[in-house]
Structures are given as structure tokens and as C-alpha cells.
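Encoded as C-alpha cells, the structure appears first; notes follow it.
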Amino acid sequence: MNLTESEISALSALEQGIPAIPRPYEELARTAGMAEKEFIEILKNLVSRGIVRRLGARINHYNAGFMHNAMVVFCVSEEDADEAAESLSASPSVSHCYLRPGFPGFKYNLYAMVHAGSSQDLEKSISDLAGECGINDFIILRSLREFKKSPPVICKDKD
Amino acid sequence: MAQRKKLDAVDKALLNRLQDGFPIEPRPYKKIGEELGIDESEVLERLEALIDCGIIRSIGGTVASDKIGRFTALAATKVPGEKIEQAVSIINSYPEVTHNYERDHEYNIWFTINAESREKAEEIISNIKSKAGLDEIQLLPALKTYKIKVKFDL
């Protein structure tokens, strides 16, 4: 999908984050070199086209009390993948669910990110999820350390 | 920064409201305040406190990378304990690397990459391998995306 120059400028300004001031779009518009009204119109349009998927606060789930998370990876056949994934995705404790290729020495291909407030809740969620999706062949990869979490830099060359 | 903050009911309501559908109009915080029954100034004060204590990373938009033709993938590699620090600093030096976690598995370093093209991502992977002295990095693009949720109910 092609973006216009103004849309790229607006996205680039948006990447800095929406400031906590009464008229945040006025400031972003200034960065993007346009009027506040134009910035707002462009942003509305980008959201309605699904290019900006979610506008809002990015929360740090560790600090918000969701300190326990794991990447649970299931081994599913191609024909069972959709049904298992639908079951996993229906759970509020699963934030992300993807089918990815397996690779030599790693047969697991269905990925679910599971979040909970305590390690007991996490254990329980995972065993419930496995039971509900009917796939018993899985492993749990807990996160030991977070080294980086930042939004993608999409427009860095454009301004 | 990561000191714990006791959230009251208004903070929780604000956090839930702020996570999606941020108003696109000249005074967005005034609009949110009206919805929650508090003043714009109180919204801003509480928001600043939530940012200061590290619960909110930032307010912004998530760009649907696939819709603008970008290549995204998860990458997995094995890094011996004594080399983790060096490898992580090499991996994280690329702005295309957006998340990076150590996990309790033989494949212990898992990072995500968001690049302008598959070729660019492969070039970065190959540079990381040679700079960090890694034999193997598996690049795992999603074959199907079933769920992307970033909203947490508080």
C-alpha cells in the first residue's frame, strides 16, 4: 500500500508518541510540518484504513501487574492448526497467536503469548489452554530477561 | 522508575480507556475526562504519574506493518551464557529489531524484526551472525496471524 508524503510525515511524527499536553495533535502537526486540522484528518483516515491499527497507551505489562508471561509453542499438523489457534485466541490470557514454520530440531509451529498476574495463574492458564485446544505436544518458554521492547522505526529515512 | 504504584479505581478506568480508541480530535484528554467524569487536568496529571512509574510506556499508534508492505518475523538463536551481553548489544543496535527476550530453552535468545523487505531482514540477520559469531539464527515469519491483542484488562 502506498502512502502519500503527508501520510509518511504524519506517521513519522506519531512515532514520537502522543504527548501528555492539552493539544497533543497541534504539537505533532508542527513536527510533521502541517496544520493541526490536516494532521487530524490524515490520522483519522489512516486509522479507518487499518494502517494505524491501535491508537492508545502502550502499557508495560510487568509494571501493570502482568509480570508472568510465557511463549507457549505447540506442535500441530497443518489441518489442526486453525481449530487449535481459534481455541487459543479465544482466551483473554493469550495476547498473540501465530503459525510459524518449524525448523530442524524444533518441531513446534503454533505460538501463543500467555500473560498472567502470578506464576500459579500462568501455570493454570497454560494447562487450561492446552486442554481446550486439544494439543498436548507443547513446550513453555518463559521469558528470563527483556532486552528490548520498542515500536518499529518505519519512517526514519523520510524526514 | 519501575517502582510500584497503587492504582485506584480512576487510574484503572483511565488505563483501560487509554489502551485503544484514543480520540482523534483537538482536545483528546478533555474528551476522555468527560467520559470518565474527571477534568482534563486530572487526566493529564494521572497520565503523567502512570508514565513516570513505568506502567505506560507511551501513547501512540501501532502501524500495521503488513499493510504497508513491511516484512516482520520472529528470530531464534542459541547464544552461550558468556556471550549473551555482547550478542544482545549487537542485535539491539538495529532499529529494525523491536523486541528481544532471553528464554529458558536451548534456543535462548528470541527477537522480532520489522524491516522494509525480506532481503533487508536477511541482510541484518547475516550481519548479526558474523558480528556476534553465531552459527545459526532461525528466521520465522508468521505463516498465519490469528491474534494480536495488546490491551490488558486492569
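Per chain, numbering begins at 1; letters A, B, ... match sequence-line order.
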Exercise. Name the member of B/Thr112, B/Val88, B/Leu139 that forms the most heavy-atom pairs with chain A at distances under 4.5 Å.
Key: B/Val88
Quiz item: Does a salt bridge link B/Arg103 with A/Glu146, judged by any charged N lying under 4.0 Å from a carboxylate O?
Solution: no
Quiz item: Measuring heavy-atom distances to chain A, does B/Leu74 have an atom under 4.5 Å in its side chain, in its backbone, in both, or in neither?
Solution: both
Quiz item: Side chain, backbone, both or neither: which part of A/Ile21 has an atom under 4.5 Å from a heavy atom of chain B?
Solution: backbone
Quiz item: When you measure from the side chain of A/Arg100 to the backbone N and O of B/Leu140, does any donor-acceptor pair fall under 3.5 Å?
Solution: yes
Practice problem: Give a yes or no answer on whether the side chain of B/Lys147 reaches the backbone of A/His96 with a donor-acceptor pair at less than 3.5 Å. | Solution: no
Self-check item: Over all atoms of both residues, closest heavy-atom pair of B/Ile24 and A/Lys44
Solution: O-CE, 3.3 Å
Quiz item: Of all heavy-atom pairs between A/Tyr25 and B/Pro28, which one has the smallest distance, and what is that distance?
Solution: CE1-CG, 3.9 Å
Quiz item: Between A/Pro22 and B/Arg27, is any pair of side-chain heavy atoms under 4.5 Å apart?
Solution: yes
Practice problem: Would you mind reporting whether A/Val52 and B/Thr62 have side-chain heavy atoms less than 4.5 Å apart? | Solution: no
Quiz item: Can you tell me how far the CD atom of B/Glu106 sits from the CD1 atom of A/Ile139, to the nearest 0.5 Å?
Solution: 9.5 Å
Quiz item: When heavy-atom pairs shorter than 4.5 Å are enumerated against chain A, which of B/Ile56, B/Ile91, B/Asp104 gives the highest number?
Solution: B/Asp104
Self-check item: Heavy-atom pairs under 4.5 Å with chain B, option from A/Arg53, A/Met113, A/Glu36 with the top count
Solution: A/Arg53
Quiz item: Between A/Lys148 and B/Asn92, is there a donor-acceptor pair closer than 3.5 Å when you use the side chain of the first and the backbone of the second?
Solution: yes
Quiz item: Highest number of heavy-atom pairs under 4.5 Å with chain B: which of A/Pro19, A/Ala81, A/Pro101?
Solution: A/Pro101
Practice problem: Counting only heavy atoms closer than 4.5 Å, note whether A/Asn109 contacts chain B via side chain, backbone, both or neither. | Solution: neither
Exercise. Using atom types as modelled and distance alone, determine if a side-chain donor or acceptor of A/Arg54 lies under 3.5 Å from a backbone N or O of B/Gly60.
Key: no
Self-check item: Residue B/Glu34 excluded, over 12 heavy atoms near CD under 6.0 Å
Solution: yes
Self-check item: Leading residue by heavy atom contact count with chain B [cutoff under 4.5 Å; candidates A/Phe39, A/Tyr98, A/Phe103]
Solution: A/Phe103
Quiz prompt | Point-to-point distance, once rounded to the nearest 0.5 Å, from OH of B/Tyr29 to CD1 of A/Ile18 | solution = 6.0 Å
Self-check item: Close side-chain approach of B/Tyr146 and A/Leu88, heavy atoms under 4.5 Å
Solution: no
Quiz item: Can you name the nearest heavy-atom pair linking A/Ile40 to B/Pro26, along with the distance?
Solution: CD1-N, 3.6 Å
Quiz item: What heavy-atom pair brings A/Ala20 and B/Leu47 nearest, and what distance separates the two atoms?
Solution: CB-CD2, 3.6 Å
Quiz item: Hey, does the side chain of B/Asn100 reach the backbone of A/Phe147 with a donor-acceptor pair shorter than 3.5 angstrom?
Solution: no
Quiz item: What about A/Tyr108 and B/His105, are their ring centers closer than 6.0 Å?
Solution: no
Quiz prompt | Top contributor to chain B interface from A/Gly50, A/Gly17, A/Ala70, A/Ser89 [non-hydrogen pairs under 4.5 Å] | solution = A/Ser89
Exercise. Under 4.5 Å heavy-atom distance to chain B, tell me which part of A/Leu110 shows up: side chain, backbone, both or neither.
Key: side chain
Quiz item: Going by heavy atoms in the side chains, are A/Ile59 and B/Gln19 under 4.5 Å from each other?
Solution: yes
Quiz item: Is it the side chain or the backbone of A/Glu26 that comes within 4.5 Å of chain B heavy atoms, both, or neither?
Solution: neither
